[in-house]
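Have a look at the structure below before the remarks.
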Amino acid sequence: MNLEILLAPQSGLEAALNQRTRHLPFAEPLVNFIGAFSARVLGDHNLRRFPDLMALAFWMRPAHLQQLRNQFEAAAGNRIRLPRGLILHLAPANVDTLFGYSLLLSLLLGNRNIVRLSRRDNPVQEEILTIFRELLGRPEFAELADHLLVVRYGHDPAITTDLSAKCNCRVIWGGDETVRQVSALPLPPTATEIKFANKWSLALLDAAALLQLDAAELAKLARAFVNDSFWYGQAACSSPRAVFWRGQADQITQAQERFWPAVERQLREFDHRLNAADFVTKLAVCCELAASHDCAVPATDNNLLSRMQLPELTPQLLEQHCGAGLFFEVNLASLTDLQPLLTRQIQTLSYFGFAAQELRELACSVPAGVDRMVPFGQALDFDVMWDGYNLFEELTRSVCIH
Amino acid sequence: MAELPVTLAALEQLLEQPPFSLTQEEKTALQGPPLAELTEHHRQNCPAYGRILGAYGYRDAQNPGRLPFLPVRLFKQLKLCSVPESEIFKVLISSGTTGQVPSRIYLDRATTQLQTKVLVKIMQNFLGKERLPMLIVDHPGVIRERSSFSARGAGILGLLTFGRSQTYLLDEEYRIDLKALEEFNARFGGSPVLIFGFTFMVWQYLIRALEDADRQIDLRQGILVHSGGWKKLQEQAVGNEEFKQRLQQATGIERVHNFYGMVEQVGSIFVECEAGRLHAPSFAEVRIRDPFDWSESPVGQEGLIEVVSLLPQSYPGHRLLTEDRGRLLGVDDCPCDRKGRTFEVLGRLPKAELRGCSDTHATQQGSAS
């Protein structure tokens, strides 16, 4: 079999897979290990070029781990919660760091983990592996070596089937196609599965609220929007692909004339990492969509920002979206008009200018989808509640004593 | 087509003069009105193109909106045609790498005839008017399927008329037919001959094949015309200079004209002159666009190549943004004395990077809708 072992204890992969699960959630060695990972990354100047890795390390800092612990314990009630056991993580091809959150969270909860990578040319992936190796080499963490196994292989259902047979929970990243292929492979009857399918996200803006902002507030809002949208070239599932404007038509026009130039000003300073290939793809997608939709593509300063104004949005349009800084824009008379569009594929609504009560009402209108609603600037913030899963619950099991 | 009076008059005028005689200023002035007419013509006759232009703010020739060109990839994704089905004379299909959707270019009789006339006009400027004995570095099967040509077949067919006594160098298994080559050389080798093939084919099946067989052949009076792109040769780190040098060693050929053209704009090709520069003929134009904002790049600055042609009447392909990188080398200043812009091609644009948490989104690129 074409399986490359990247991280395993000296006793070998097979032996490690058959080890006993032995730590409770938030056991001291686990908290210490993840705290050490966080400190190691945050203290390394060379890693500043990977802001998403820095964000992961910051989330895993000891003070936040303590908060997570409090949160975890508060929700326990009189249950005793235990790790599920061996978790098989199938990482996305490009090892987006979001995946790192679910992996480290799983470890924090006492699980033994085996990670499957598929590609080799990812610098963040290499850095993380190096740090794992370094930390597991320290005497105080050596015993965790069988909790963090990493392998690499191409598309090989036989290997995935073998590994699945041993695991208690399978976590599939990589979108619809990968989820479809992997979840067709058998799991032990008692094992569970977490499937991260393709999801899209939307932004909601209230025109009147935006028009009341002063220059500094507007800049801050634009900055938050750019952060939500342009990390990962707008390809993250939580980055908004469409912007819904609520208000009177003329008000919306005025608000757009303030908002988009503010976004472009923020983009001048932003490390966007988009390139010529992204811009050509975006132009081709815009033209393709314009050929079959009633729409307008307003002028922008440059190719970082592209807008497409549409009378209405369809799930299909969201699917054809190419990332790279393209925003569909739709006017909304009232928030409830959004309800039919909230399919199960909609993940995050990031909002500005909406009251909590309105958002609750939208959620209570029983839309098919939407997993979270967050203020502008928090779309990419990882949370234990992710994609509709409570990862504390999914990555542990409960023992009830009556 | 009577509905394109400005374009047809301009083409008539251009066909009567040498294709590189206009200064840049004269050429820009002459091309403006026909290009505006072509845009309006395609807007009216190709509904998809009309909607795209409308989305980018086109109102009329005076208010042309914000989209100066179509991305060439669109011909893979959409059916873009400005004539009724009954007037489609043939459909050109790009070769495209395996697994990719090919481009489809819909040609009517008028556009096809124009392409041939213009190609003749341009090539004669480099080859002279006499039809030369012709050696084709390919196998005869490549032009057999007549209703839907591959780009390679169409390219060869387009150039066949420049030669006589056409001889194919390869058999169906791409093996060099040394016997045919020797016979050809014995018959015609003492005077100028034309050799044509796609760049990679010439490299692999003529130059390398002769080298591997440890054979040399004396075609010193030959003129090689080749096209098709450098991608495969770049993978082997072979550039234009090495190509020419190894060709000369193997065959004695010193006159080499590479040309840059594409299935989306057959006819108005860009030919490399004796000074090694690609030239925009009077029927066409080249611009380099800054990928950051599509602004025009000055001489010397690398960007994406935009190609313009006055020929496409049956499909909206008169202004296209390619996915090739290039650089302008000069304007009206080539040592070969031909006027207008000169440029070089620097290779294909690399693919977009895969990002985000899904494995699949990048593969949507180039897929059919």
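Throughout, protein chains are lettered first and strands after them, A, B, ... in sequence-line order, and every chain is numbered starting at 1.
Residue with the most contacts toward chain A among G303(B), A48(B), C46(B), P71(B): P71(B) (heavy-atom pairs, distance under 4.5 Å). Listed options L74(B), L70(B), V72(B) were ranked by heavy-atom pairs under 4.5 angstrom with chain A; first place goes to L74(B). When each of A290(A), A291(A), A324(A) is scored by its heavy-atom pairs under 4.5 Å with chain B, the top score falls to A291(A). Between chain B and the options C287(A), G323(A), C295(A), A296(A), heavy-atom pairs under 4.5 Å are most frequent for C287(A).
Only the side chain of L321(B) comes within contact range of chain A, with at least one heavy atom under 4.5 Å from a heavy atom of that chain. For chain B, no part of L289(A) is nearby; none of its heavy atoms comes within less than 4.5 Å. Only the side chain of L304(B) comes within contact range of chain A, with at least one heavy atom under 4.5 Å from a heavy atom of that chain. Of the atoms belonging to F69(B), it is side-chain heavy atoms, and not backbone ones, that fall under 4.5 Å from chain A. For D294(A), no part lies near chain B; criterion is any non-hydrogen pair under 4.5 Å.
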Subject >> Candidate pair T281(A) and R73(B), rule side-chain contact (heavy atoms from CB on, under 4.5 Å), full reasoning >> reply: CA-CA 9 Å; T281(A) 297; R73(B) 197 185 298 171; 3.2 Å; yes
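Scanning both residues, L349(B) and A277(A), for their nearest heavy atoms gives CD2-CA, 3.6 Å.
The contact list for residues 285-295 of chain B toward chain A, using heavy atoms and a distance under 4.5 Å, reads P291(B), F292(B), D293(B), W294(B) by residue number.
For Q316(A), the CD atom sits in a loose shell: 12 or fewer heavy atoms of surrounding residues, nucleotides or ligands are nearer than 6.0 Å.
For the pair L67(B) and L283(A), the minimum side-chain heavy-atom distance is below 4.5 Å.
To the nearest 0.5 angstrom, Q77(B) atom CD is 9.5 Å from Q320(A) atom CD.
A side-chain donor-acceptor contact under 3.5 Å links R66(B) to the backbone of V297(A).
In this structure W230(B) satisfies the ring pair (Phe, Tyr, Trp, His ring centres under 6.0 Å) test together with H226(B), F243(B), sequence neighbours excluded.
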